[in-house]
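Here's the structure we're looking at; comments come further down.
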Amino acid sequence: MAKSNDRFQKIYSQGVVTMMEIWVDTTTGIHYLFHKDGYAAGFTPLLGADGKPVVSREGLEP
């Protein structure tokens, strides 16, 4: 999946100036949403419909 020293891996990207990306923490499997618009940006856990963080276990480092 990712190099052993790359904790976060980008799995989705949309836009150029106004940008939205989804990153996965390869240690925990938690997905994060990154949103950038001009000089402003934010990074937050991606939540599912139940209000809990989206977690994937596929490809996680041992």
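Throughout, numbering of the chain's residues begins at 1 and tracks the sequence. None of the values given here were measured: they were computed from a predicted structure.
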Is any side-chain heavy atom of P45 less than 4.5 Å from a side-chain heavy atom of H31?
no

Distance from L46 atom CG to L33 atom CG, nearest 0.5 Å?
6.0 Å

T26 and D6: which non-hydrogen atoms are nearest, and at how many Å?
OG1-O, 3.3 Å

For H35 and T44, run side-chain contact (heavy atoms from CB on, under 4.5 Å): C-alpha distance rounded to whole Å, both residues' side-chain angles, the deciding distance at 0.1 Å, then the answer.
CA-CA 9 Å; H35 180 80; T44 186; over 6 Å; no

Reported CE-to-CZ distance for the pair M20 and F34, which is rounded to 0.5 angstrom:
11.0 Å

Interatomic spacing from CE in M19 to CD in Q14 - rounded to 0.5 Å:
11.0 Å

I'd like to know whether D25 forms a side-chain contact (heavy atoms from CB on, under 4.5 Å) with Y32, so could you lay out the CA-CA distance, the side-chain angles of the two residues, the decisive distance to 0.1 Å, and finally the verdict.
CA-CA 8 Å; D25 181 334; Y32 293 88; 4.0 Å; yes

Locate the shortest heavy-atom distance separating D50 from K52; write the atom from each residue and the value.
OD1-N, 3.0 Å

Any heavy-atom pair between the side chains of V55 and T28 that's under 4.5 Å?
no

Would you sort out whether V24 and R7 count as a side-chain contact (heavy atoms from CB on, under 4.5 Å), showing the intermediate values?
CA-CA 8 Å; V24 175; R7 178 156 182 180; over 6 Å; no

Classify the ring geometry of F43 against F8: parallel below 30°, tilted from 30° to 60°, perpendicular beyond 60°.
perpendicular

